[in-house]
Q: 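The following block contains the structure, expressed as structure tokens.
Each residue takes its place number in the sequence, starting with 1.
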Amino acid sequence: MKIAVVAANGKAGRLIVQELVGRGEDVTAITRGENKTDAQNSIQKDIMDLMAADLGGFDAVVDAFGTWAPETLDQHSTTLTHLCDVLSGTDTRLLIVGGAGSLFVNPEHTTTLNQTSDFPLEFQPLAAAMQKALDELRQRDDVKWTYISPAADFQADGERTGTYQLGGEELMVGSRGPVISYADYAIAMADGVQNGDHVRERISVVRK
């Protein structure tokens, strides 16, 4: 399987690349600067400059893009829309490293995590930007997308336990709480890439 990881130099991207390479997959890192990952191949390009010729040969593309500065939050939507446009009508699957703020906290799916009183104010703009990108993604029936939300506490330096629990649209709480490490999330993402299921679905993962 040929897989591209966009924004591969980021913390999540590097671990996803590492996990996929460790499974023997043919991985290409797409980065703005020098490739700092374990990927065998690399493309040095800004996301917004990627074209069909760049992504046409891949079975799956992982979008690990993330930005936190207030002036760049709209890029969650613009970059994802661009990737969808590039992959529109193809068999290439698009798997997105998503956010937790848009997960529902009730069975009726009327309230999301970022709408609750406990959600930190400082993360509201980021959550809103990622929610908007997901809402737009849900309208795309021309792309084989899968959106994978982490648990509420997404730990960049958390331990790799090697296990996780898979869920759907609702916030989950594992034995250690609503937490997952980037390393365990990378396992879930690699499984998603290899399994090829959950097309046009948002799923979620938490530490067991």
Q: Could you go through the side-chain contact (heavy atoms from CB on, under 4.5 Å) check for Phe154 and Ile180 one step at a time?
A: CA-CA 5 Å; Phe154 197 18; Ile180 194 164; 3.8 Å; yes
Q: Does the pair Arg202 and Ile96 meet the rule for a side-chain contact (heavy atoms from CB on, under 4.5 Å), with working shown?
A: CA-CA 9 Å; Arg202 189 267 288 276; Ile96 300 101; over 6 Å; no
Q: Distance from Ile47 atom CD1 to Thr78 atom OG1, nearest 0.5 Å?
A: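 Going from the CD1 atom of Ile47 to the OG1 atom of Thr78 covers 8.5 Å.
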Q: Hey, is CZ on Arg176 packed in by over 12 heavy atoms from elsewhere, all under 6.0 Å?
A: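 Not buried by this count: 12 neighbours or fewer within 6.0 Å.
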Q: Using modelled atom types and a 3.5 Å cut-off, is there a donor and acceptor pairing between side-chain atoms of Asp184 and backbone atoms of Gly162?
A: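 Yes, Asp184 side chain to Gly162 backbone: donor-acceptor pair under 3.5 Å.
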Q: Can you give me the closest heavy-atom contact between Asp142 and Ser88, atom names plus distance?
A: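 In terms of heavy atoms, the two residues are closest at OD2-OG, 2.6 Å.
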Q: Apply side-chain contact (heavy atoms from CB on, under 4.5 Å) to residues Lys208 and Thr161 and explain how you reach the verdict.
A: CA-CA 9 Å; Lys208 276 191 174 179; Thr161 70; over 6 Å; no
Q: Determine whether Val62 and Leu15 fall in the same hydrophobic cluster, where Ile, Leu, Val, Met, Phe, Trp and Tyr are linked whenever their side-chain heavy atoms lie under 4.5 Å apart.
A: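 Yes, same cluster.
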Q: Please say yes or no: joined through hydrophobic side-chain contacts below 4.5 Å, possibly via intermediate residues, are Ile3 and Leu55 part of one cluster?
A: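 Different hydrophobic clusters.
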Q: Which of these passes side-chain contact (heavy atoms from CB on, under 4.5 Å) with Ser149: Val97, Leu103, Leu113, Ile203?
A: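 When Val97, Leu103, Leu113, Ile203 are each tested with Ser149, the side-chain contact (heavy atoms from CB on, under 4.5 Å) holds only for Leu103.
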Q: Taking all heavy atoms of Thr110 and all of Phe104, pick out the closest pair and write down the distance.
A: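 Taking every non-hydrogen atom into account, N-CD2, 4.1 Å.
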Q: Could you tell me which non-hydrogen atom of Gly177 sits nearest to which non-hydrogen atom of Val206, and how far apart they are?
A: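 Nearest pair, atom of Gly177 first, then Val206: O-CG2, 3.7 Å.
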Q: Mind checking whether Thr79 and Met48 have side chains closer than 4.5 Å, heavy atoms only?
A: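 Yes, at least one pair of side-chain atoms sits under 4.5 Å.
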Q: Would you find a donor on one side and an acceptor on the other, under 3.5 Å apart, between the side chain of Asn106 and the backbone of Thr111?
A: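 It does hold such a pair.
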Q: Does one side chain, of Ser77 or Glu136, offer a donor that lies under 3.5 Å from an acceptor on the other?
A: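 The criterion, which ignores hydrogens and geometry beyond distance, is satisfied for Glu136 and Ser77.
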Q: Under 4.5 Å between any side-chain heavy atoms of Asp157 and Lys11, yes or no?
A: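 Side-chain contact under 4.5 Å: yes.
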Q: Might you point out which heavy atoms bring Glu19 and Ala186 nearest each other, and give the distance in Å?
A: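 Answer, listing the atom of Glu19 first, then Ala186: CG-O, 3.8 Å.
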Q: Can you check whether Gly168's main-chain N or O pairs, donor with acceptor, with Ser204's side chain at less than 3.5 Å?
A: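 Side chain of Ser204 to backbone of Gly168, a donor-acceptor pair under 3.5 Å: yes, one is there.
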Q: Ignoring hydrogens and angles, tell me if any N or O in the side chain of Arg14 forms a donor-acceptor pair with the backbone of Asn9 under 3.5 Å.
A: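 Between the backbone of Asn9 and the side chain of Arg14 there is a qualifying donor-acceptor contact (under 3.5 Å).
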Q: For Val193 versus Ala60, what's the shortest heavy-atom pair and its separation?
A: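 It is CG1-CB, 4.0 Å.
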Q: Counting neighbours of NZ on Lys45 that are heavy atoms of other residues, nucleotides or ligands and sit closer than 6.0 Å, is the number greater than 12?
A: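 Enclosed: over 12 neighbouring heavy atoms sit under 6.0 Å from NZ of Lys45.
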Q: For the pair Asp46 and Arg32, find out whether any cationic side-chain nitrogen is under 4.0 Å from an anionic carboxylate oxygen.
A: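 Yes.
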Q: Just say parallel, tilted or perpendicular for the rings of Phe65 and His76, cut-offs at 30° and 60°.
A: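 Ring orientation, 0 to 90° scale: perpendicular.
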Q: If you draw a 6.0 Å radius around CZ in Phe119, do more than 12 non-hydrogen atoms from other residues or ligands fall strictly inside?
A: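 Counting neighbours around CZ of Phe119, more than 12 heavy atoms of other residues, nucleotides or ligands fall under 6.0 Å, so yes.
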Q: Quiz question: by atom type and distance under 3.5 Å, do the side chains of Asp26 and Asn41 form a donor-acceptor pair?
A: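 The answer is yes; a qualifying pair exists.
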Q: To the nearest 0.5 Å, how far apart are CD1 in Ile43 and CG in Asp54?
A: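 Atom-to-atom, Ile43:CD1 and Asp54:CG are 5.5 Å apart.
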Q: For Leu95, which of His198, Lys144, Met189 qualifies under side-chain contact (heavy atoms from CB on, under 4.5 Å)?
A: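 The passing option is Met189.
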Q: Between His109 and Glu170, is any pair of side-chain heavy atoms under 4.5 Å apart?
A: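 Of all side-chain heavy-atom pairs linking Glu170 with His109, at least one is under 4.5 Å.
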Q: Does Arg207 use its side chain to pair, donor to acceptor, with the backbone of Ser181 at less than 3.5 Å?
A: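 The answer is no, because no donor-acceptor pair under 3.5 Å joins these two groups.
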Q: Please check if the number of heavy atoms outside Glu71 that lie under 6.0 Å from its CD is greater than 12.
A: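 Yes, CD of Glu71 has more than 12 neighbouring heavy atoms, counting only those of other groups under 6.0 Å.
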Q: Quick one: are Leu94 and Leu80 in side-chain contact, heavy atoms under 4.5 Å?
A: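 Result yes, sub-4.5 Å side-chain heavy-atom pair found.
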Q: Taking a hydrophobic cluster as the set of Ile, Leu, Val, Met, Phe, Trp and Tyr residues connected by side-chain heavy atoms closer than 4.5 Å, whether directly or through intermediates, do Val61 and Met1 fall within one such cluster?
A: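 No, because Val61 and Met1 fall into different hydrophobic clusters, even though each may have its own neighbours under 4.5 Å.
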Q: Rounded to the nearest 0.5 Å, how far does CZ of Arg23 lie from CD of Gln18?
A: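 Result: 12.0 Å between the selected atoms.
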Q: Side chains of Asp118 and Thr116: is there a donor and an acceptor less than 3.5 Å apart?
A: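 No, Thr116 and Asp118 have no side-chain donor paired with an acceptor closer than 3.5 Å.
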Q: Could you state the interatomic distance from CD1 (Ile16) to CG (Asp63), rounded to the nearest 0.5 Å?
A: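 Ile16 CD1 to Asp63 CG: 9.5 Å, rounded to 0.5 Å.
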Q: Quick check: closest heavy atoms across Leu137 and Trp145, and the distance to 0.1 Å?
A: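 Heavy atoms of Leu137 and Trp145 come nearest at O-NE1, 3.3 Å.
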Q: Any donor-acceptor pair under 3.5 Å linking the side chain of Asn114 with the backbone of Ser102?
A: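 A pair under 3.5 Å: no.
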Q: Is there a path of hydrophobic side-chain contacts, each under 4.5 Å between heavy atoms of I/L/V/M/F/W/Y residues, joining Ile148 to Met130?
A: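 Result: no, two separate clusters.
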Q: Test your reading of the model: is there a side-chain donor-acceptor pair from Gln40 to the backbone of Glu25, 3.5 Å cut-off?
A: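 Here the side-chain-to-backbone pair exists.
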Q: Is it possible for you to say whether Val17 and Val6 belong to one hydrophobic cluster, with membership spreading through side-chain heavy-atom contacts below 4.5 Å?
A: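 No, no single cluster joins them.
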Q: I'd like to know if the side chain of Arg93 and the backbone of Gly192 have a donor-acceptor N/O pair within less than 3.5 Å.
A: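 It does hold such a pair.
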